Number of protein chains: 2
Amino acid sequence: MEIYKKQKRQHYLEEHSISHLFSFPIEEFIEVREYKRDEWIIREGMRPDYLFYVIEGKAKIYVTYQNGKVSLINFISAQDFIGEMELLNEVYYTKGIQTSTKTICFAIPFHQCRTQMLEDTTFLRALTKFLSIKATRMSAKYSQSLAFPLENRLADFILQTADEGVYKEKHVTVCDFLGVSYRHLLHVFAQFCDKGYLKKEGHHYRIQQHNKLNELSMILKNE
Amino acid sequence: MEIYKKQKRQHYLEEHSISHLFSFPIEEFIEVREYKRDEWIIREGMRPDYLFYVIEGKAKIYVTYQNGKVSLINFISAQDFIGEMELLNEVYYTKGIQTSTKTICFAIPFHQCRTQMLEDTTFLRALTKFLSIKATRMSAKYSQSLAFPLENRLADFILQTADEGVYKEKHVTVCDFLGVSYRHLLHVFAQFCDKGYLKKEGHHYRIQQHNKLNELSMILKNE
DNA sequence: ACAATAATATGAGATATCTCATATTTTAGG
DNA sequence: CCTAAAATATGAGATATCTCATATTATTGT
């Protein structure tokens, strides 16, 4: 992890100002940090000392179960908070957060700002909104995961992540995210190819029948 | 739905005061309402005009999918907010909320209080905390649901809901909540009985081997 | 008290999904 | 450039879970 100083710091503070999220001057307290790919922003079980706000990059939230199985719970991307649970709750099991690309974020030290943040309506409103959206998404994902077979969730995921009609995600990451075995994920991909929805091109898949995937994905949408 | 007036209203306002959640006098705006069993507090798709705070009773959150399948997403019980999503977000698909017992709650009208509530740090902090816990629970439930078979989730659910060693929930509600078919739920119950973890007594189940259920349930805990 | 509806119960066959074994290809580190 | 590790790929059999059919028992409204 690298901490940006001087111009580099200033540049990010200006380009991605978050002062509108606070009604007090926050900039002086902000550390601008760069994490390399695969670095841990927070280690599972260790309470962070900062509230983070992601400027660019992507990260993943993991949790380890007692049986040793590690699960990817969610993705984090630009404009997400990290560590807000620990800011708000005395008791909270901290999940692990690992970058999947180079990630730049603002780090706001609890020991200097906690009190002020918790007194600031502007900030609290922003945080409340963030949390409410997070809760809604989680809840949607949850009920979807239970109510429908992989076919539907995968179709949705493909449409969300495909770039110019080409799907390039890593199977390993995806089967973890969608909570299915590698084997079964591949099986459903094979089905999609058989049915002509996708065409395999090396390790990528080209979408052939967008509307068919869309039908499958629409089944789990209602908002 | 019945609206309590005079002494009855006053009684509830005093017995279950929520004035500590606000830094302005909220009581004058509060309507005290009683919903009968199976009444809808909010109908799916209809934005509510009130923020609700549950005093006693239980309710269920439902969502209907395009394929017509209705899913129970979560339970609501005393000290939960209802309608906070609609208070915070302009755009939000409102889920249906139906009582499962007689339910008494406070109703705070948006049109009179929205602005004040959104400016009140005390309230916002309370709400943020509520939401953060909600998000965490959802997220735990989600990863659990994907990572483990029903056996584990059911063991956990039994321990959570059993009263003095006796489990009395309705299968119909539970299979919906846990997202499995009625048939399969019964099948796992039968297994638990075979293995001697539970003993069937009429329509109830008596826990025989608490430690065995606990083992199963602990597998999905880490906090 | 009776009829209608909801909840419980069980069997049997279908499907979704998992585990394990094993082979090949790609990627990362020295 | 070479090797180890990670990712991809595929088969086969096991298990979890679903759907449908059907019967019995509670609950509720009139």
Side-chain angles (χ1 to χ4, degrees), chain A residues 36-39 60 65 67-72 98 100-102 143-155 157 167-195 198-205 216 219-220, chain B residues 36-39 60 65 67-72 98 100-102 143-155 157 167-195 198-205 216 219-220:
Chain A
K36 291 204 201 74
R37 181 168 175 219
D38 290 337
E39 265 191 289
K60 300 174 199 161
Y65 293 98
N67 64 4
K69 171 159 180 170
V70 177
S71 263
L72 173 63
Q98 183 182 37
S100 48
T101 66
K102 182 183 92 173
S143 43
Q144 281 170 19
S145 76
L146 293 177
F148 302 96
L150 179 61
E151 187 177 50
N152 301 94
R153 289 177 288 137
L154 182 59
F157 187 80
Y167 171 92
K168 309 180 178 180
E169 300 302 315
K170 292 202 171 186
H171 291 331
V172 176
T173 311
V174 174
C175 64
D176 198 1
F177 183 60
L178 295 177
V180 295
S181 69
Y182 186 88
R183 191 63 194 81
H184 188 55
L185 179 69
L186 272 273
H187 181 236
V188 176
F189 264 110
Q191 268 180 224
F192 282 3
C193 292
D194 274 0
K195 291 180 182 164
L198 298 177
K199 192 174 149 203
K200 197 164 174 186
E201 298 182 345
H203 287 174
H204 300 166
Y205 294 80
L216 287 175
I219 289 174
L220 40 79
Chain B
K36 290 205 202 73
R37 181 169 174 218
D38 291 335
E39 266 191 289
K60 299 174 201 161
Y65 293 97
N67 65 4
K69 171 159 181 171
V70 176
S71 264
L72 173 63
Q98 184 182 35
S100 48
T101 66
K102 181 182 95 172
S143 43
Q144 282 170 20
S145 76
L146 293 177
F148 302 96
L150 179 60
E151 187 178 48
N152 300 95
R153 289 178 287 136
L154 182 58
F157 187 79
Y167 171 93
K168 310 179 176 181
E169 301 302 314
K170 291 202 170 185
H171 292 331
V172 176
T173 311
V174 175
C175 64
D176 199 1
F177 182 60
L178 295 177
V180 295
S181 68
Y182 185 88
R183 191 62 193 83
H184 188 55
L185 179 69
L186 272 271
H187 181 236
V188 177
F189 264 111
Q191 269 181 224
F192 282 2
C193 291
D194 275 359
K195 292 181 184 165
L198 298 176
K199 192 174 149 203
K200 197 163 175 185
E201 298 183 343
H203 286 175
H204 299 164
Y205 294 80
L216 286 175
I219 290 174
L220 41 78

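First the proteins, then the strands, lettered A, B, ... as listed; each starts at 1. This is a predicted model, so every value here is computed, not measured.
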How does protein reach along nucleotides 25-30 of chain C, written 5' to 3' as B (base within reach of a heavy atom under 4.0 Å), S (only sugar-phosphate), or - (no contact)?
-S----
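- Under the rule for a side chain to side chain donor-acceptor pair (under 3.5 Å), the partners of A:Glu201 that lie at least two apart in sequence or sit in another chain are A:Arg206.
- Applying the side-chain contact (heavy atoms from CB on, under 4.5 Å) rule to A:Lys36 yields the partners A:Glu39; only residues at least two apart in sequence or on another chain are considered.
- With sequence neighbours left out, B:Gln191 forms a side chain to side chain donor-acceptor pair (under 3.5 Å) with no residue at all.
- Judged as a side chain to side chain donor-acceptor pair (under 3.5 Å), and not counting sequence neighbours, B:Glu169 has no contacts.
- When the salt bridge (Lys or Arg N to Asp or Glu O under 4.0 Å) test is applied to B:Lys195, the partners found at least two apart in sequence or on another chain are B:Glu151.
- At a threshold of 4.0 angstrom between heavy atoms, the contacts of A:His184 include nucleobase atoms, whether or not backbone atoms are also involved.
- Applying the ring pair (Phe, Tyr, Trp, His ring centres under 6.0 Å) criterion to A:Tyr205, with sequence neighbours excluded, gives A:His171, A:Phe189.
- Scored by the side-chain contact (heavy atoms from CB on, under 4.5 Å) test, B:Ser181 finds B:Arg183, B:His184 as partners (sequence neighbours excluded).
- Side-chain contact between A:Val180 and A:Arg153 is present, with heavy atoms from C-beta onward closer than 4.5 Å.
- Rounded to whole angstrom, the span from the CZ atom of B:Arg183 across to the P atom of C:dT8 amounts to 14 Å.
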Determine, stepwise, if the pair A:Thr173 / A:Lys60 fulfils side-chain contact (heavy atoms from CB on, under 4.5 Å).
CA-CA 10 Å; A:Thr173 311; A:Lys60 300 174 199 161; 3.9 Å; yes
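- Fit an axis to the five pairs at each end of the helix from C:dA1-D:dT30 to C:dG30-D:dC1 and the two axes sit 70° apart, to the nearest 10 degrees.
- For DNA chain D, the span of nucleotides reached by chain B at under 4.0 Å from its heavy atoms goes, 5' to 3', from D:dA16 to D:dT28.
- Contact annotation: the side chain of A:Asn152 never approaches that of A:Phe157 to less than 4.5 Å [non-hydrogen atoms, C-beta and beyond].
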